[in-house]
Amino acid sequence: MPEELLRIFLSICDTYCLNLMDDGKAYVLDYFRHRCKNVGDDFANARDVRNFFEFALTNQANRLADLPKPLSDEQLLTLTLEDVTDITLT
């Protein structure tokens, strides 16, 4: 279920002490709703969530690289909508 996938994603975020903004949470839930509707029998829930998280973390790093330094703890520990969009899992 998409809601379970979101909970797994948020649990991974918690493990890394990352906070996902509310608009990001809504986007991730919608993403997994769409993903659940359009996958085949080989859909691997937890692996997909982990892969999605890794892409989001890469997006965050790229976003933060363009910001003036030093970065605050809040900046370093926050995932934004920008970080979770434009992710495509195959």
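Sequential numbering from 1 along the given sequence is applied to the chain's residues. Since the model is a prediction, treat every value here as computed from it, not as a measurement.
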**Complete:** d(L79 CG, N19 CG) to nearest 0.5 Å is 8.0 Å

**Request:** Can you see which heavy atom on K69 is nearest to which on L64, and at what distance?
**Result:** NZ-O, 3.2 Å

**Request:** Take the angle between the ring planes of F52 and F9 and call it parallel below 30°, perpendicular above 60°, tilted in between.
**Result:** perpendicular

**Prompt:** Please walk me through it: do I8 and I12 pass side chain to side chain contact (heavy atoms under 4.5 Å, CB included)?
**Reply:** CA-CA 6 Å; I8 293 169; I12 296 170; 4.2 Å; yes

**Ring centers of Y16, F53 separated by less than 6.0 Å** = yes

**Message:** Any side-chain to backbone donor/acceptor pair from Q60 onto L76? Under 3.5 Å, distance only.
**Reply:** yes

**Item:** Distance (rounded to the nearest 0.5 Å) between L77 CG and C13 SG
**Value:** 11.0 Å

**Asked** Do the side-chain N and O atoms of T80 and D83 include a donor-acceptor pair separated by under 3.5 angstrom?
**Response** yes

**Request:** Please step through side chain to side chain contact (heavy atoms under 4.5 Å, CB included) for the pair Y31 and L5, ending with a clear verdict.
**Result:** CA-CA 10 Å; Y31 179 90; L5 299 179; over 6 Å; no

**Asked** With a 4.5 Å heavy-atom cut-off, do K25 and L29 have their side chains touching?
**Response** no

**Prompt:** What are the two closest heavy atoms between L89 and R35, and how far apart are they?
**Reply:** O-NH1, 3.4 Å

**Prompt:** Does the D30 side chain pair with the main chain of Y27, one donor and one acceptor, at a distance under 3.5 Å?
**Reply:** no

**Prompt:** Roughly how far, to the nearest 0.5 Å, is CG of D86 from CZ of F55?
**Reply:** 12.0 Å

**Smallest separation among heavy atoms of Q75 and P70, with atom names** = OE1-O, 4.4 Å

**Asked** When rounded to the nearest 0.5 angstrom, what is the spacing between SG in C36 and CD in E3?
**Response** 8.5 Å

**Message:** Grouping I, L, V, M, F, W and Y whenever their side-chain heavy atoms are under 4.5 Å apart, do I87 and M21 come out in a common cluster?
**Reply:** no

**Intermediate values then yes/no, side chain to side chain contact (heavy atoms under 4.5 Å, CB included), N59 and V84** = CA-CA 7 Å; N59 288 346; V84 296; over 6 Å; no

